[in-house]
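Some notes on the structure that comes next.
The structure displayed is predicted, hence computed values, not measured ones.
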There are 2 protein chains.
Amino acid sequence: MFQAATIKQIAEALSISPSTVSRALRNSHEISAETKKRVIEYAKKINYQSNPIAVSLRNRRSNSIGVLVADVANSFFSQTINGIESIAYEAGYHVIITQSHDSYEREVINIGHLANRSVDGILISMSSHTTDYRHITQLHERGLPIVFFDRIIEEIQTFKVTTDNFKSAYEATALLIEKGFKKIGHLANAPQLSITVERLQGYLSALADHHIEFDERLIKYCHEGGRSQLEIEEALNHFLSDSIGAEALFIASDRLSTVTMRILNNDPDKAEKLMIIGFSNSDVIDILSPRISYIRQSAFEMGQIAAQMLIKLIESKYPVYEFETRLLEGQLHWRGNPKG
Amino acid sequence: MFQAATIKQIAEALSISPSTVSRALRNSHEISAETKKRVIEYAKKINYQSNPIAVSLRNRRSNSIGVLVADVANSFFSQTINGIESIAYEAGYHVIITQSHDSYEREVINIGHLANRSVDGILISMSSHTTDYRHITQLHERGLPIVFFDRIIEEIQTFKVTTDNFKSAYEATALLIEKGFKKIGHLANAPQLSITVERLQGYLSALADHHIEFDERLIKYCHEGGRSQLEIEEALNHFLSDSIGAEALFIASDRLSTVTMRILNNDPDKAEKLMIIGFSNSDVIDILSPRISYIRQSAFEMGQIAAQMLIKLIESKYPVYEFETRLLEGQLHWRGNPKG
DNA sequence: TACATTTTCGGCAACGATTGCGTAGTTTTA
DNA sequence: TAAAACTACGCAATCGTTGCCGAAAATGTA
């Protein structure tokens, strides 16, 4: 491998000590203008770049932050990552991205690796199969800055940012009711996720406020969160069965929405029977067939806020004990009949 | 911040030297079974984890690889990243992802940061606005392992992996011709990209083989690659103008495809006039309206191969002078009439 | 028993950058 | 004119780990 220039080389070339070079480069007042000039010029000449690994070792700071998401190939998360990156970059941090693929084991391994990799802090969106939080509480107790976004948990006191899922779900459900639908199915994500609970509550609350009796058969959890198409097909058949007869459907996540849409696209009979609203950040959700009304989350902004929170934690000189949970507004887009 | 356990602490606690601890943990034959056992037990007890930054400094290896893509919020790239990650993870490398957003300046800055960050190698998919390769050749000459994927360049001798763009473009165009279309527009990406040139040649070659006269007005380059919807609207209007009268369209990239689809979705008159085939790795491309036939690249596999190539370069004990350029097959999916 | 060999381990130095402390040499102040 | 203050720089330690060399102890051989 190639040999990068070091402070020692500069020191030797100019017959001064490494400390002087270091101070000159950092523009210390203890160094004469003359010496500074010589050092800076020579450093530029040999294209000196400080070795970030050495700096990290010395400063016990890596200037990098870790991110855990379920999957980067998911519009919502990739947009979030864009937001994280935009802030991190500005602040001089590198971003190390890992994926849990919604597996608890991978979450544990990845978070362990990140902490071990000496990241200065971690941004976490929980895997849908996680119910044991010890791998995170351990790190948190040891003082590692952690911020949760999107899929947050109650159990750990720190900064969090997510969509106002209750409100968005409420609005979506209420809108369906106002449009005249009464039998509204709810295709929910894995039940242990915060977003699942919040969205379910929004749904239930809207029903209650509009005096629609709650029918538990109208709720179906997807434990595989859309990774299994079969799971969703069964749920749809269930909703559309004669005994249930759902007229509309509120879908609680990105992936569930697109998988549902694929099934309906292949089965126009079903598609005609259902008015659909779903969460989705796909950039082509508005040109899918059949039509789907959708709730779009402020993913980019969520990433930005999460990154800002984390960097604030990392750079705080004193331990932080006051935390905030930010809720971002989702945007509801009504698109009318499936057949348009 | 929390204090991680170190080798020194173990050494002190067991009244042995740090070197002995290090060797014991690495299972050196020079250490007695007895000592090994004591060290390993105590290390486990205090949850010792080696500090990767110190190891990096010592070994001049960071066990991380850098990736440069245009945009993670793009199905093709996010799938590629998934492939890269799967291999890198197995081999013990971390992945640092950066985005050029198709800007030359950001590409230069990001690649500089990655190299400076002491990654052990870099995976690059060129930004569409890059014509000057000095920032890369410099690193390459200094011995930094580099592998190109997707958007590759001729100028640097190394491993490369991309789709057989010529073949896929040829097949797509030939298929349109066989279906009876003669006036086939080609919506091309930025002209300086390898993939643009290869796809254009496939298109031209198919026309020639089928004895269709080439009309240069049927080719439109999109210098903004879909970042500007206006650019594409103008191109479509051009293709559909009376004097041109295109009957079909071959679209050369993911983003161009989806933006075109949005325009056509909003303008059914236009949509009816055009049979469309486009490159796309969107997971919902098959349920868009209007219908679009598409070429899907083996993105995940491309990421895997690129990562394998890079790791091979990194871990090679001798300089490598024999390089390979792998071409992966694209998959053509015919979906018939727009109105289906 | 005497010597050679092997096993087991400690000490030192280095990776590259940073920084507290010390100290010549110079200038300012009383 | 001597004391004080300041300027400009070097020394050495530090971060955690590991390669190299050598030394002591254990073992083997004659």
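What separates CG of B/Leu57 from P of D/dG16 is a distance of 12 Å, to the nearest Å. In this structure, B/Glu12 atom CD and D/dG16 atom P are separated by 12 Å, rounded to whole Å. We find that NE2 of A/His29 is positioned 10 Å from C1' of D/dA8, with the value rounded to whole Å. For the pair B/Ile31 CD1 and D/dA25 C1', the interatomic distance rounds to 14 Å; values are reported in whole Å. The distance between atom CD of B/Glu34 and atom C1' of C/dT8, rounded to the nearest whole Å, is 12 Å. Atom CG of A/Leu14 is separated from atom P of D/dG10 by 10 Å (rounded to the nearest Å).
Residues B/Ser17 and B/Thr20 have side chains that bring a donor and an acceptor to within less than 3.5 angstrom of each other.
OP1 or OP2 of C/dG16 sits under 4.0 Å from a side-chain N or O of B/Arg60.
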Worksheet, complete the sentence: B/S/- along nucleotides 17-27 of chain C (protein heavy atoms under 4.0 Å) is BBBB-------
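Residues meeting the salt bridge (charged side-chain N to carboxylate O under 4.0 Å, His left out) test with B/Asp150, sequence neighbours left out: none. Taking A/His113 as the reference, A/Ile109, B/Tyr89, B/His94 meet the side chain to side chain contact (heavy atoms under 4.5 Å, CB included) condition, with sequence neighbours excluded.
If you check every strand for non-hydrogen atoms under 4.0 Å, B/Ile16 touches sugar and phosphate atoms only. Nucleic acid contact for A/Ser56: none, since no nucleic acid atom lies under 4.0 Å from a heavy atom of the residue.
Proximity of B/Val95 to A/Ile97: side-chain heavy atoms (C-beta onward) are nowhere separated by under 4.5 Å.
Taking the C1' atoms of five terminal pairs at each end of the helix from C/dT1-D/dA30 to C/dA30-D/dT1, the two resulting helix axes are inclined by 60°, rounded to 10°.
No close placement of the B/Tyr133 and B/His140 rings is indicated, their centers lying 6.0 Å or farther apart.
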Donor-acceptor list for residues 301-308 of chain B side chains, cut-off 3.5 Å, not counting sequence neighbours:
from: B/Gln304; atom 1: NE2; to: B/Ser86; atom 2: OG; distance (Å): 3.3

Identify each donor-acceptor pair in which a side-chain atom of residues 51-59 of chain A lies under 3.5 Å from a protein atom, sequence neighbours left out, and give them as a table.
from: A/Asn51; atom 1: OD1; to: A/Ile53; atom 2: N; distance (Å): 2.8
from: A/Asn51; atom 1: OD1; to: A/Ala54; atom 2: N; distance (Å): 3.1
from: A/Ser56; atom 1: OG; to: A/Pro52; atom 2: O; distance (Å): 2.8
from: A/Ser56; atom 1: OG; to: A/Arg61; atom 2: O; distance (Å): 2.9

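Across A/Lys8 and A/Pro18, no two heavy atoms sit closer than the pair CG-CG, 4.5 Å.
A salt bridge between B/Arg60 and B/Asp120 is absent, with no side-chain N of the basic residue lying under 4.0 Å from a carboxylate O of the acidic one.
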